[in-house]
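Fair warning: this is a prediction, and the values are worked out from it, not measured in the lab. In what follows, every heavy atom counts, from backbone to side chain, and hydrogens, waters and symmetry copies are set aside. Every chain is numbered from 1 and lettered A, B, ... according to where its sequence line falls, protein lines coming before strand lines.
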Number of protein chains: 2
Amino acid sequence: MTYSIKEVADMMNVEPSTLRYYDSMGLLPGVKRVNGRRVFEDKDFKWLRVLNCMKKINMPIDKIRAYVKLAEKGDSTLQERFDMILEQKQIVLDQIAELKDCLKEFEYKEWYYTEAIKAGTEKVVENVTTCSPTLEVDTIPKK
Amino acid sequence: MTYSIKEVADMMNVEPSTLRYYDSMGLLPGVKRVNGRRVFEDKDFKWLRVLNCMKKINMPIDKIRAYVKLAEKGDSTLQERFDMILEQKQIVLDQIAELKDCLKEFEYKEWYYTEAIKAGTEKVVENVTTCSPTLEVDTIPKK
DNA sequence: ACTTAACTTAAAGTTAACTTTAACTTATAT
DNA sequence: ATATAAGTTAAAGTTAACTTTAAGTTAAGT
């Protein structure tokens with residue numbers, strides 16, 4: 001089975017021009033051409049899925065390219081690639097932890113506005129949290 | 001207790017120039033001035049913590065400013081702000097779910113390289129996953 | 001008192017990641 | 001057959017979010 005650039009772009013929720021840009025940056029190694037046109041094959045999706053993840057965690061294009069270059073060098077770079085993957089895995093874990101903290105803040109705000117709307121004014125909830133001068137405070141009121 | 005722009009910048013892990021930029025964009029309402037200098041008070045940290053979260057989930061500055069403007073209008077905008085918070089909460093939840101999928105991919109890659117390094121070559125693991133032409137596939141090998 | 005560090009603004013500069021344009025070729029549908 | 005849609009490249013343009021610069025004022029340390 002083969003796929004056009006538009007079909008792949010739709011699957012990845014990006015513009016075809018974005019895929020061409022990725023290609024020009026060296027992020028789409030080994031994609032076949034037929035009459036000059038890119039033809040994506042099943043084997044390409046293996047990498048596209050990883051690329052998709054790397055993009056989602058905001059890994060810079062330069063770093064992704066570095067990974068691709070290592071992969072192209074073959075087995076001699078296995079350890080280096082492993083190290084990069086471990087580093088990125090830790091970054092995802094950190095990002096998830098960070099977002100969970102943000103979620104708490106938004107859940108607090110949800111509660112805050114629920115109470116304020118009930119009362120018709122913010123004054124009722126304005127001083128529920130003791131605001132110490134740090135950004136690390138965790139104050140989720142129990143329902 | 002009061003804090004200089006540098007002190008607040010350090011707490012938020014940003015440059016003072018970034019805070020000045022946020023201020024110029026209307027993201028730091030109600031910050032006092034003494035001889036022209038910004039002086040941050042305890043009350044400001046309440047908002048800084050929320051701002052911090054909004055930045056972390058990549059909420060665009062324009063949207064954050066819209067929220068600030070609503071807050072400045074007072075109680076008549078409670079419902080609108082509640083709706084915005086709910087929307088952002090859903091965005092965080094989606095982002096967390098997305099990152100968890102990425103984590104699986106990196107965990108698979110970790111396993112992949114562990115096996116490849118053991119064998120000295122990628123050939124051993126290259127075709128472990130059946131790669132269907134979708135980016136939604138989930139293939140985590142059980143240890 | 002004097003030096004150094006930190007603060008100020010307005011405006012210009014930077015960066016990453018696309019996105020658009022122009023000029024062209026190839027494929028698909030009627 | 002012919003129009004329309006989709007593909008191509010290289011190069012220029014865009015956007016968001018800072019970041020730096022320049023020129024100045026204010027505060028803090030010795």
NZ/NE/NH1/NH2 to OD/OE distance under 4.0 Å, B:Lys69 and B:Glu72 = no
Atom CD1 of B:Ile5 and atom C1' of C:dA5 are separated, to the nearest Å, by 15 Å
For B:Asn35 and A:Val34, take the nucleotide of DNA chain C holding the closest heavy atom to each; which residue's nucleotide lies nearer the 5' end?
-> B:Asn35
Report yes if a side-chain nitrogen or oxygen of A:Arg33 is closer than 4.0 Å to either non-bridging phosphate oxygen (OP1 or OP2) of D:dT9; otherwise report no.
-> yes
Against the side chain of B:Arg20, the closest entry in C:dT8, C:dT20, D:dT19 is C:dT8
Between B:Tyr3 and B:Phe45, does the ring centroid distance fall short of 6.0 Å?
-> yes
Flag yes if A:Ile117 and B:Leu70 sit in one hydrophobic cluster, no otherwise; membership is Ile, Leu, Val, Met, Phe, Trp, Tyr, and two members link when side-chain heavy atoms are under 4.5 Å apart.
-> yes
Between B:Leu27 (CG) and D:dA17 (C1'), how many Å, whole number?
-> 11 Å
Tell me whether the OP1 or OP2 atom of C:dT8 has a side-chain N or O from B:Arg38 closer than 4.0 Å.
-> yes
N or O in side chain of B:Thr18 less than 4.0 angstrom from D:dA17 OP1/OP2 = no
From CE of B:Met25 across to C1' of C:dA11 the rounded distance in Å is 13 Å
Is the shortest distance from a Lys or Arg side-chain nitrogen in A:Arg49 or B:Asp101 to a carboxylate oxygen in the other one below 4.0 Å?
-> no
Look at A:Lys55 and C:dA16 and indicate whether a side-chain polar atom (N or O) is within less than 4.0 Å of OP1 or OP2.
-> no
Look at the side-chain N and O atoms of B:Tyr22 and state whether any lies under 4.0 Å from the OP1 or OP2 oxygen of D:dC18.
-> yes
Result for 5'-nearest mapping on DNA chain D, choosing between B:Asn58 and A:Pro16, is A:Pro16
Separation of D:dA16 atom P from B:Asp62 atom CG, nearest Å, is 7 Å
A:Lys6 or B:Glu15: which one's nearest nucleotide on DNA chain D is closer to the 5' end?
-> A:Lys6
Quick one: B:Leu19 CG to C:dT9 C1', roughly how many Å, whole number?
-> 16 Å
N or O in side chain of B:Arg37 less than 4.0 angstrom from C:dA5 OP1/OP2 | no
Round to a whole Å and report the spacing from CE of B:Met12 to C1' of D:dC18.
-> 14 Å
Rounded to whole angstroms, how far apart are CD on B:Glu7 and P on C:dC7?
-> 8 Å
OP1, OP2 of D:dG7 versus side-chain N and O of A:Ser4: anything below 4.0 Å?
-> yes
A:Tyr21 OH to C:dA16 P, in whole Å, measures 9 Å
Salt bridge between A:Arg81 and B:Glu122, side-chain N to carboxylate O under 4.0 Å?
-> yes
